[in-house]
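Quantities reported herein were computed from a predicted structural model and do not represent experimental measurements.
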Amino acid sequence: MTPAPLNPTPIVPTVTARHPAGRDPIGHLPGPMRVAIWMTLAGLAFSAMGGLIKFAARDLHPFEVAFFRCFFGLVWMVPWLLRRGPSALRTAKLPLYAARAVIGLIGMLAGFYALRYIALADATALSFTAPLFATVGAAVVLRETVRRRRWTATVLGFVGVLIILRPGVTAVDPAALWTLLAAATTAANVLIVKRLTDTEPTEAVVTWMVVMMTPMTLLAALPFWETPSPTQLGIMAAIGLCGTLGHLAVTRGFAAGEASLVMSFDYLKMPFAAVIGWLAFGELPTPWTFLGAAVIAGSAAYIAHREAALARAPAGRRAAGESDDQSAS
């Protein structure tokens with residue numbers, strides 16, 4: 001799980017052979033069909049969560065909404081903890097979990113704050129930049145080899161950002177920059193999750209995040225605290241439930257198919273967010289938003305496809321593919 005609120009979908013699978021997602025209730029269906037079902041459900045859940053966050057943040061400070069999102073996310077993980085016991089959280093990687101929580105805190109606060117001021121469809125479109133930031137981070141921080149084709153796709157993706165923001169034509173909304181910060185932290189967390197899921201169960205990764213981030217977001221929320229009404233508490237419980245269901249659906253999707261196929265369905269969030277923004281808030285996305293989102297999504301999908309293709313190839317063919325990347329113009 002990745003904690004950023006706008007596009008929490010992992011860029012890489014968080015389900016490993018060592019720690020499977022569990023028995024799939026629709027496991028009798030073909031893999032691609034299961035991916036389509038689970039990722040459609042995830043898109044609906046995450047888009048609904050974004051709409052509920054935007055609605056709740058109209059009356060409560062976004063930092064307080066972020067606290068309750070973490071708190072109720074923890075509540076929804078309690079049944080798993082009761083079944084498995086405290087030993088399920090035993091780990092030798094607390095520093096890595098702590099780093100993930102701090103980065104996730106920055107992204108969640110930035111994303112929740114942005115949703116108060118930016119159209120839901122625009123926020124969703126900009127959140128698709130997370131795989132682009134992940135590519136940059138993998139090259140700069142992890143020193144991974146990123147060849148010319150993927151660099152080209154990354155640059156084109158950021159051109160999509162410029163299409164949406166149109167700097168110099170219209171004033172750039174500062175909230176859009178907060179959304180990009182949230183996407184960048186999502187990318188950073190994905191790089192951490194890649195390390196954690198080598199040895200850690202998926203449920204533990206999810207639970208440790210909310211265990212650590214709940215007190216962190218509480219400290220951030222206290223200066224702006226207003227006692228929520230029962231209705232507001234119900235809305236924020238629904239936010240936590242949507243987030244939990246969305247992450248479970250994404251986990252099932254990654255277990256059912258390759259990352260490149262899963263990511264192609266992830267972009268269903270865009271039309272879902274556009275419809276919710278229009279019906280709930282009267283927000284009409286501009287053609288520039290859809291055009292920019294298409295450019296970003298196409299670039300991110302190519303990156304996911306290329307990484308999956310290289311991962312499947314034998315060592316010799318993988319090296320040849322990387323050489324093709326390097327020599328391609």
Side-chain angles (χ1 to χ4, degrees), residues 1-15 21 35-57 62 65-66 68-70 72-73 76-77 104 107-108 110-112 114-116 118-131 134 179-180 182-183 185-187 189-190 193 202 205-206 209-210 213 235-254 256 259 262-281 283 285 289 293 296-297 300-301 304:
M1 170 179 173
T2 55
L6 303 181
N7 184 25
T9 307
I11 301 162
V12 295
T14 59
V15 181
V35 170
I37 292 172
W38 286 122
M39 292 306 294
T40 299
L41 293 175
L44 281 169
F46 286 137
S47 298
M49 183 179 73
L52 289 169
I53 291 168
K54 189 174 182 68
F55 184 80
V65 178
F68 279 107
R69 186 265 178 268
C70 291
F72 283 112
W76 295 116
M77 294 306 298
M108 181 172 284
F112 277 46
L115 269 177
R116 189 177 193 176
I118 194 173
L120 187 59
D122 288 351
T124 301
L126 292 172
S127 73
F128 291 152
T129 58
T179 305
L180 290 173
T185 61
T186 297
N189 263 314
V190 164
V193 168
T202 300
V205 174
V206 173
M209 186 203 73
V210 289
M213 287 185 62
I235 292 171
M236 288 182 288
I239 291 172
L241 178 60
C242 286
T244 300
L245 293 177
H247 284 294
L248 290 174
V250 167
T251 300
R252 297 288 187 186
F254 274 122
V262 173
M263 289 303 298
S264 67
F265 283 99
D266 183 48
Y267 303 113
L268 286 173
K269 289 199 296 286
M270 184 64 198
F272 290 151
V275 171
I276 291 173
W278 174 52
L279 293 177
F281 307 105
E283 298 171 347
T289 297
I296 296 169

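- Here the options are T124, L120, T40, the test is side chain to side chain contact (heavy atoms under 4.5 Å, CB included), and the partner is F272; only T40 passes.
- A perpendicular orientation is assigned to the rings of Y267 and F128, their planes being inclined by more than 60° (bins at 30° and 60°).
- Between L41 and L245 the shortest side-chain heavy-atom distance does not fall below 4.5 Å.
- For the pair E283 (side chain) and A121 (backbone), a donor-acceptor distance under 3.5 Å is absent.
- Closest heavy-atom contact between I239 and V65: CD1-CG1, 4.0 Å.
- Counting heavy atoms from C-beta outward, W76 and L241 have side chains that approach closer than 4.5 Å.
- Across T179 and S127, no two heavy atoms sit closer than the pair CG2-N, 4.3 Å.
- Of all heavy-atom pairs spanning C70 and M213, the tightest one is SG-CB, 3.9 Å.
- The minimum heavy-atom distance between P62 and A57, with the atom names listed, is CG-CB, 4.3 Å.
- Among all heavy-atom pairs drawn from A56 and I235, the shortest one is CB-CG2, 4.2 Å.
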Quick one: side chains of residues 42-52, donor-acceptor pairs under 3.5 Å with protein atoms, not counting sequence neighbours, listed by atom name and distance.
| residue | atom | partner | partner atom | Å |
| --- | --- | --- | --- | --- |
| S47 | OG | G43 | O | 2.8 |
| S47 | OG | K269 | O | 3.4 |

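- How far OG1 of T186 is from CG of L180: 11.0 Å, rounded to the nearest 0.5 Å.
- The two residues T289 and D122 come nearest to each other via the heavy atoms OG1-OD1, 2.6 Å.
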